[in-house]
Amino acid sequence: QVHPYTYRNENQFLHFDFHQDPYAEFDFWINTMGVDGLFTDFAGSVHKYQELKSPHPKDATANSLLVKIAQLIAAYEGH
């Protein structure tokens, strides 16, 4: 397994290749390069990135419920 280190959020450590965006850097290393994990001093940032990329199953359930409600409303308005 590959776990590169140490990812930091301070501007002086963020790479210009990623427009100084830590989420773009995480995305490159995890999804493009295929690393297994990251070491960072900013675990909260990696956690937020994970939440953005992998929504909680409850979010999917809530979204499907909203889609069903929208379909019901559209069907009702069509009568």
Side-chain angles (χ1 to χ4, degrees):
Q1 292 186 348
V2 177
H3 294 86
Y5 63 92
T6 297
Y7 293 87
R8 303 184 61 88
N9 282 13
E10 294 102 345
N11 284 335
Q12 63 188 8
F13 296 109
L14 293 171
H15 295 277
F16 287 110
D17 293 345
F18 304 109
H19 311 286
Q20 293 190 297
D21 178 1
Y23 300 118
E25 190 171 4
F26 299 152
D27 190 62
F28 172 79
W29 287 103
I30 293 170
N31 294 316
T32 303
M33 297 305 292
V35 300
D36 300 299
L38 304 169
F39 285 97
T40 180
D41 292 336
F42 298 88
S45 293
V46 175
H47 181 72
K48 281 186 178 182
Y49 168 78
Q50 290 173 320
E51 287 181 331
L52 290 170
K53 294 296 181 176
S54 302
H56 192 276
K58 286 183 182 178
D59 293 340
T61 303
N63 186 52
S64 64
L65 179 60
L66 289 173
V67 168
K68 287 179 184 177
I69 291 170
Q71 290 170 345
L72 289 170
I73 291 171
Y76 178 77
E77 289 176 344
H79 279 77

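Source: prediction; values computed, not measured.
Nearest heavy atoms, G37 versus P4: O-CD, 3.2 Å.
Classification of the Y49-Y23 ring pair by plane angle, with boundaries at 30° and 60°, yields parallel.
To the nearest 0.5 Å, atoms CD1 (I73) and NZ (K68) are separated by 14.5 Å. The structure places CD1 of I30 at 7.0 Å from CD of Q50, a figure rounded to the nearest 0.5 Å.
Partners of T6 according to the side-chain contact (heavy atoms from CB on, under 4.5 Å) rule, which considers only residues two or more places apart in sequence or in another chain, are R8, D41. Judged as a side-chain contact (heavy atoms from CB on, under 4.5 Å), and not counting sequence neighbours, the contacts of N11 are L14, Q20.
Counting non-hydrogen atoms of other residues, nucleotides and ligands closer than 6.0 Å to NE2 of H3 gives a total above 12.
In this structure, F28 is a member of the same hydrophobic cluster as V35, with clusters built from ILVMFWY side-chain heavy atoms closer than 4.5 Å. Criterion: ILVMFWY side-chain heavy atoms under 4.5 Å apart, direct or through other members. Under it, Y7 and V2 are part of a common hydrophobic cluster.
Taking 4.5 Å as the limit, some side-chain heavy atom of F26 sits within range of a side-chain heavy atom of S45.
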